[in-house]
Chemist: 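Okay, handing you the structure first.
In what follows, every chain begins at residue 1, and chains take the letters A, B, ... in the order their sequences are listed.
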Amino acid sequence: MLERLGKAEWLVPATGEMRVPGRIFADCGTIEQLKADIEEGKEWNALRQVCEVACLPGIVTASLALPDVHPGYGFPIGGVAAFDVDSGVAVVGGAGFDINCGVRTLRTPLTEESVLDYKEKLAEQLFRDIPAGLGSEGKLRLSVEEIDQVLIKGARFVVEQGYGVEEDLEYIEEGGQLTGADPRTVSAVAKQRQFRQVGTLGSGNHYLEVQVVEKVFDEKAAGIYGLRKGQVVISIHTGSRALGHQIGQDYLKEMVKATKKYNLPVRTRELACAPIRSNEGERYLAAVACGGNCAFANRQVITHLVRSSFARVCGIPPTSVCTVYDIGHNNIKLERHCVDGEERTLLVHRKGATRAFGPGREESPVSYRSVGHPMLVGGTMGTASYIMRGTEVGMKKAFGSGVHGAGRALSRRKAAKRYWGENVRSSLKDRGIILRAHSLRGIAEEAPGAYKDIEQVVKAATDAGINHPVVRLRPLIVIKG
DNA sequence: ATGTCC
């Protein structure tokens with residue numbers, strides 16, 4: 001049922017109700033795992049999800065999966081699907097519940113050697129300064145009007161409030177402000193949940209890491225991104241917290257009704273959707289933009305807190321900590337793409353998939369345009385992270401998309417059974433990685449062994465030609481919820 | 001991912 005197209009590229013021919021084929025970018029090991037899951041009759045199966053997405057109305061070219069693919073709600077995580085704006089649908093499961101979950105990476109003027117004596121102190125300061133954990137609350141208190149401003153203006157609003165500098169905005173996807181956001185499409189309950197959560201990390205796989213640039217693969221792109229070997233950087237992985245989750249819940253209910261109302265050929269609740277050009281579809285996309293803006297604002301406020309922590313412990317000016325880039329991996333966006341030689345506007349769903357626009361696209365910051373914008377690929381707390389970039393091949397074959405991280409190999413439940421938080425912490429300590437976390441069970445669930453090997457994920461994306469590595473980052477300090 | 005159930 002799978003045809004091999006290249007070293008790390010596979011085709012799932014369209015059969016039955018599939019309108020387009022599936023296309024999977026992955027190594028042999030991942031493909032064997034996907035096949036084994038099917039043969040064992042596992043319901044919770046990413047390959048089946050790739051095929052079900054391929055059945056959705058208006059899908060263009062193919063239902064895609066990336067090397068870090070694993071099963072998700074409706075769409076696989078590591079899944080990409082683009083839809084024709086007139087005949088296609090907007091799918092809640094295509095962005096997931098943590099809308100615009102993503103990563104921001106900051107660069108510092110520090111080297112690993114220069115922070116060795118400060119490591120414990122820095123970890124303690126960051127742990128104290130960055131609110132994290134389930135239900136954690138930030139220091140900001142926003143009025144109803146201000147919450148609407150966050151939803152409309154995203155990172156720009158909090159920068160105007162003094163959390164960061166104008167230059168940060170240049171280095172956030174879409175300038176940190178997604179267009180089309182309309183707070184009237186977001187429920188009062190969702191806004192209420194946002195009230196205390198701007199500038200908080202959350203829990204689960206979210207983290208803040210202090211990292212060192214361990215290896216440079218692409219000197220030109222690294223130089224353009226302001227990165228060099230031995231440099232200390234900080235990566236922030238978080239999303240839209242409870243607000244995004246509530247938007248997902250609210251619209252899933254609405255889309256279940258819309259699927260019936262518009263008589264859409266969708267059998268599973270997990271792929272509930274509405275025509276893009278319907279009231280439900282348009283309102284959902286306006287709400288997704290609000291959630292996305294909330295996530296950008298969240299990472300912006302955390303950036304401000306990180307600058308203060310570093311200034312206090314390391315004595316560097318806050319302004320010397322600069323945003324390399326900020327990019328989401330759970331998004332739905334209207335984008336221009338070339339399909340069979342024709343330029344078209346498509347609604348691209350990326351779920352656990354990073355946008356990866358190659359050289360020349362005007363969406364990238366001017367100074368990055370010659371090589372394309374950075375893709376921030378998060379590893380586990382014990383393994384490397386990568387900064388990659390998009391390629392021409394990725395633009396043609398994957399709607400300018402790429403991997404987002406290691407991808408889970410074990411469920412949270414299985415990981416919590418197999419690992420114990422204290423053991424994970426001490427084995428990290430043995431390797432010079434300081435872990436400060438709010439939940440011991442959380443550490444076990446996030447144990448490096450619960451994830452795929454990031455090296456294999458990066459290699460497969462590179463072999464497929466859709467992404468290209470720029471630098472590898474090694475963790476020094478990890479802050480978890 | 002998520003005040004892990006309205």
Chemist: Sequence neighbours left out, what passes side-chain contact (heavy atoms from CB on, under 4.5 Å) with A:Lys253? Give chain and number order.
Modeler: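 Not a single residue meets the side-chain contact (heavy atoms from CB on, under 4.5 Å) criterion with A:Lys253.
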Chemist: Under the salt bridge (Lys or Arg N to Asp or Glu O under 4.0 Å) test, which residues partner A:Arg241, sequence neighbours left out?
Modeler: none
Chemist: Rounded off to whole Å, could you give me the CD1-to-C1' distance for the A:Ile99 and B:dT2 pair?
Modeler: 12 Å
Chemist: Got a sec, which pairs hit salt bridge (charged side-chain N to carboxylate O under 4.0 Å, His left out) with one end in residues 263-274 of chain A, sequence neighbours left out?
Modeler: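 Non-adjacent pairs meeting salt bridge (charged side-chain N to carboxylate O under 4.0 Å, His left out): A:Glu17-A:Arg267.
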Chemist: Quick one: list whatever passes side chain to side chain donor-acceptor pair (under 3.5 Å) with A:Lys459, sequence neighbours left out.
Modeler: A:Asp463
Chemist: Residues of residues 237-248 of chain A with any non-hydrogen atom less than 4.0 angstrom from an atom of DNA chain B: list those, numerically ordered, please.
Modeler: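 Heavy-atom contacts with DNA chain B come from A:Arg241, A:Ala242, A:His245.
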Chemist: Restricting to nitrogen or oxygen on both sides, can you table the protein-nucleotides 4-6 of chain B pairs closer than 3.5 Å?
Modeler:
none

Chemist: With a non-hydrogen cut-off below 4.0 angstrom, is A:Arg412 in contact with a base, only sugar-phosphate, or nothing?
Modeler: sugar-phosphate
Chemist: What does A:Gln197 touch in the nucleic acid at a heavy-atom separation under 4.0 angstrom: a base, only the sugar-phosphate, or nothing?
Modeler: sugar-phosphate
Chemist: B:dT2 C1' sits how many Å from A:Gln192 CD, rounded?
Modeler: 16 Å
Chemist: Kindly compute the distance separating NE2 (A:His70) from CG (A:Asp68), expressed to the nearest 0.5 Å.
Modeler: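 Answer for the NE2-CG pair, A:His70 versus A:Asp68, is 6.5 Å.
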Chemist: Going by the rule side chain to side chain donor-acceptor pair (under 3.5 Å), which residues pair with A:Asp326 if we only count those two or more places apart in sequence or in a different chain?
Modeler: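 Per chain and number, A:Asp326 pairs via side chain to side chain donor-acceptor pair (under 3.5 Å) with A:Arg104, A:Arg299.
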Chemist: Restricting to side chain to side chain donor-acceptor pair (under 3.5 Å), what partner residues turn up for A:Glu32, sequence neighbours left out?
Modeler: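 Here no residue qualifies.
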Chemist: Once side-chain contact (heavy atoms from CB on, under 4.5 Å) is applied, do any residues pair with A:Gln249, and if so which ones, sequence neighbours excluded?
Modeler: A:Phe97, A:His245, A:Gln246
